[in-house]
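Quick note: numbers below take in every heavy atom, side chains included, and nothing from hydrogens, waters or symmetry partners. Whatever order the structure lists ligands and atoms in, that order sets their numbers, starting from 1.
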Amino acid sequence: MTMTGHDDVLQVQLSHWRSRLVRYSVNVYLVRGVLVDTGFPAARGRLARLLDELRPTAVVVTHHHEDHAGNAALVARRGLPVAIAADTLALLRAGERGVGLYRRFVWSTMPPLADAITPLPDDALATLGLALLHTPGHSSDHRVVWDADRATLFGGDLFLGVRVKVARPNEDPRAHARSLRVAAALQPRRLFDGHRGLVPDPVRALLAKADWLDETIGRIDALATQGWSVRAIRREVLGAEDPVALASFGDLSKANFVRAVLDGGTGDARPRTRG
Ligand SMILES: [Zn+2]
């Protein structure tokens, strides 16, 4: 657990030996007394100590993935008010099926959320100076946290890097590009990324990613129109699969990126062998 102060924002980087093995870590942030995201299930002990130490007045959850919402149950049991979108909460209640082995290995498994949540409504979050904004793409329920007074964006998994060539089966790259432009239009002076930490030159970074996505989507669409297979498009546009695709048994892969473009974010329900 590494803590870094950025004026009014405290960044807490969480990892453990299994996530470090694949060079993954995740950040939670404390801003205006509010904890943004809850880390992954295997970090429960550390998050509990963090809650004791920092005593946040409320918690915000950006989306349902286990590295961000992994300790929602702990927060709920402590009775802390939680700002969470209805669709995110529904996804946590339902539990995610078919979570790849590598995700369970890296972050541990998150059981369906059974505990009652003390909701923090949007207007109450607004009195704390923060807003949850819907930015779908990475997941359908993805939100960013916006501090308008300080032009500070807590991006969750909106950014992650300009050229992220791998996707999970249910991502929607088109919606993602739109969300990036919406976030850039806010003109954030600071962007705190869920995994990358403080991102320099945030507006340019967000637009560079949106441009790369739109250009890549265009190339994929053009080849699909010519009848190319998923495999051939993947090879031509994104190149060979990285080791992460093998390690994740294809759950996080370039082929999924191509499928996500062609399926428009409904890949979850489609057979994975297509193309
Ligand atoms: Zn995520």
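With waters left out, the protein N, O or S atoms under 2.8 Å from the Zn ion (ligand 1) add up to 4.
You'll find the ring centres of His68 and His195 inside the 6.0 Å limit.
Classified by interplanar angle (parallel below 30°, tilted 30° to 60°, perpendicular above 60°), the ring pair His63/His142 is tilted.
The salt bridge (Lys or Arg N to Asp or Glu O under 4.0 Å) pairs that include a residue from residues 116-136 number zero, where partners must be two or more places apart or lie in different chains. Applying the salt bridge (Lys or Arg N to Asp or Glu O under 4.0 Å) test to pairs two or more places apart or on separate chains, those with a residue in residues 48-65 are Asp52-Arg78.
Residues that satisfy the side chain to side chain donor-acceptor pair (under 3.5 Å) test with Arg234, not counting sequence neighbours, are absent from this structure.
A salt bridge between Arg204 and Asp201 is present, with a side-chain N of the basic residue lying under 4.0 Å from a carboxylate O of the acidic one.
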